[in-house]
Amino acid sequence: MIGLLRGQLVQKLPPMLLLDVNGVGYEIEAPMSTFYQLEKKEGDITILTHMHVREDAMLLFGFATESERVLFKTLIKVNGVGAKMALGILSAMSVNEFCTYVDNGDISALTRIPGVGKKTAERLQIEMRDRLKPIVESGVLDYQPQITSSGAQTAIPTTGFANSIKQSASEALIALGYKNTQAEKMVAGAFEEGLTLEALIKRALQGVKL
C-alpha cells in the first residue's frame, strides 16, 4: 500500500491533485483542508496517502496532516459513509471542529455537511463518538475539546457566473457532494475579485455573507 508520496505538484483541480513522483503522475483526491495548506508551498511537497480499493477501481486519497488521514480512515468505517462523504466532511470543517460537534452532540452542525441528513448525522455522532475516543486518547488524532453552539447555515444569494474560477469552484463543490444549485449559490455569495480558487472554495464552504 502507498502511505506517502513526495514530488512536484503538477496540477490542482479540486478535489484532484496530480503529483509527479520521479516521472510518474499520481492522481490523488484530497479534501479542501489539504488544498488550503498546499496553496503557498513551492518545490517538492509531501502528501500522506490512503489507498482505497474497490471492485471497479483503486483510488488514492491524500492529506496534509496525519489527523486528517486518521479521521478519513475512521469515517469510512462508519456504515453509510463513503469516501466522497468523508472528503466532504474534511472539506466543510476542520478535524477539531468535527470532533467537537461529535463530542457535543451537535446534530445541527453535522447536517450542514453535503449529503448528510438528520438520520445520518445522528448515526455519525453515535458511532464516531465511540470510535474517536481511543484514537484521541492514544494521541494519534489531535483534538482540543471546546464548547460550541449550533446555528443555522447562512442563506447566500444567487448571482450569475462571470468567469472560469467561479465555474471551477462550483465544480469542486459538486464533486464534494453539494447539489448544482447549492454550489452556485455558495460560490456566488463568496466571490470577490482577486481570490484564488482555493480561497474562493474556502469562503464558499464557510458561508461568507455578501
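Met16 places none of its side-chain heavy atoms less than 4.5 Å from the side chain of Ile28. Proximity of Ile45 to Arg6: side-chain heavy atoms (C-beta onward) are nowhere separated by under 4.5 Å. Proximity of Gln37 to Thr65: side-chain heavy atoms (C-beta onward) are separated by under 4.5 Å at one or more points. Looking at heavy atoms from C-beta onward, Leu132 lies in side-chain contact with Leu71 at the 4.5 angstrom threshold. Looking at heavy atoms from C-beta onward, Met85 lies in side-chain contact with Thr120 at the 4.5 angstrom threshold. Put simply, the side chain of Gln125 reaches to within 4.5 Å of the side chain of Ile107, judged on heavy atoms. Taking 4.5 Å as the limit, some side-chain heavy atom of Ile89 sits within range of a side-chain heavy atom of Leu75. You'll find the side chain of Leu38 reaches within 4.5 Å of the side chain of Leu17, heavy atoms only.
Residue Asp44 holds its CG atom at 8.0 Å from CG of Leu19, rounded to the nearest 0.5 Å. To the nearest 0.5 Å, atom NZ of residue Lys185 and atom CG of residue Asn180 are 12.0 Å apart. Taking NZ of Lys12 as the start and OG of Ser168 as the end, the distance is 12.5 Å to the nearest 0.5 Å. Atom-to-atom distance recorded for Lys119:NZ and Leu124:CG is 15.0 Å, nearest 0.5 angstrom. In this structure, Phe98 CZ and Leu90 CG are separated by 8.5 Å, a value rounded to the nearest 0.5 Å. Distance check: Asp20 CG to Leu9 CG gives 10.0 Å after rounding to the nearest 0.5 Å.
Residues Val140 and Tyr143 share a hydrophobic cluster, clusters being chains of Ile/Leu/Val/Met/Phe/Trp/Tyr side chains in contact below 4.5 Å. Hydrophobic clustering, with ILVMFWY side chains joined whenever heavy atoms are under 4.5 angstrom apart, groups Ile47 together with Ile2. Neither Ile126 nor Val102 shares a network with the other; the hydrophobic side chains, linked directly or stepwise wherever heavy atoms of I, L, V, M, F, W or Y lie under 4.5 Å apart, form separate groups for each. Val24 and Val10 fall into different hydrophobic clusters, where Ile, Leu, Val, Met, Phe, Trp and Tyr residues are linked whenever their side-chain heavy atoms come under 4.5 Å apart, directly or through other members. Leu87 and Leu18 are members of different hydrophobic clusters when ILVMFWY side chains are connected at heavy-atom separations under 4.5 Å.
The two residues Glu127 and Val78 have their closest heavy-atom pair at OE1-CG1, 3.5 Å. Here the closest heavy-atom approach between residue Ser91 and residue Tyr36 is recorded as O-OH, 4.4 Å. Residue Leu176 comes nearest to Pro114 through the heavy atom pair O-CG, 3.5 Å, listed as atom of the first residue, atom of the second, then distance. For Leu197 against Pro14, the heavy-atom pair with the smallest separation is CD2-CD, 3.6 Å. Shortest non-hydrogen contact noted between Leu4 and Leu48 is CD1-CD2, 3.9 Å. Of all the heavy atoms in Ala121 and Thr111, the pair that sits closest is CB-CG2, 3.7 Å.
The ring pair (Phe, Tyr, Trp, His ring centres under 6.0 Å) analysis of residues 45-82, with sequence neighbours excluded, yields the pairs His50-Phe72, Phe61-Phe72, Phe63-Phe72. Listed by first and then second residue, the salt bridge (charged side-chain N to carboxylate O under 4.0 Å, His left out) pairs that reach into residues 48-71 are Arg54-Asp56, Glu66-Arg69, sequence neighbours excluded.
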* Under the side chain to side chain contact (heavy atoms under 4.5 Å, CB included) rule, what do Lys179 and Ile174 come out as? Steps first, then yes or no, please. => CA-CA 6 Å; Lys179 295 180 180 179; Ile174 292 168; over 6 Å; no
* **Verdict with supporting geometry, Lys166 and Glu184, salt bridge (charged side-chain N to carboxylate O under 4.0 Å, His left out)** => CA-CA 8 Å; Lys166 288 183 179 180; Glu184 291 178 2; over 6 Å; no
* **Leu205/Leu173 under side chain to side chain contact (heavy atoms under 4.5 Å, CB included): CA gap, chis, key distance, verdict** => CA-CA 8 Å; Leu205 287 168; Leu173 292 177; 3.7 Å; yes
* Show your working on side chain to side chain contact (heavy atoms under 4.5 Å, CB included) between Leu200 and Val187 and close with a plain yes or no. => CA-CA 7 Å; Leu200 177 56; Val187 172; 3.9 Å; yes
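Electrostatic pairing of Glu192 and Arg203 counts as a salt bridge here, judged by a charged N lying under 4.0 Å from a carboxylate O. The pair Lys202-Glu198 does not count as a salt bridge, with every side-chain nitrogen at least 4.0 angstrom from each carboxylate oxygen.
At least one donor-acceptor pair closer than 3.5 Å links the side chain of Thr34 to the backbone N or O of Ala64.
Within 6.0 Å of atom CG in Asn22, 12 or fewer heavy atoms from other residues, nucleotides or ligands are found, so the atom counts as exposed in its surroundings.
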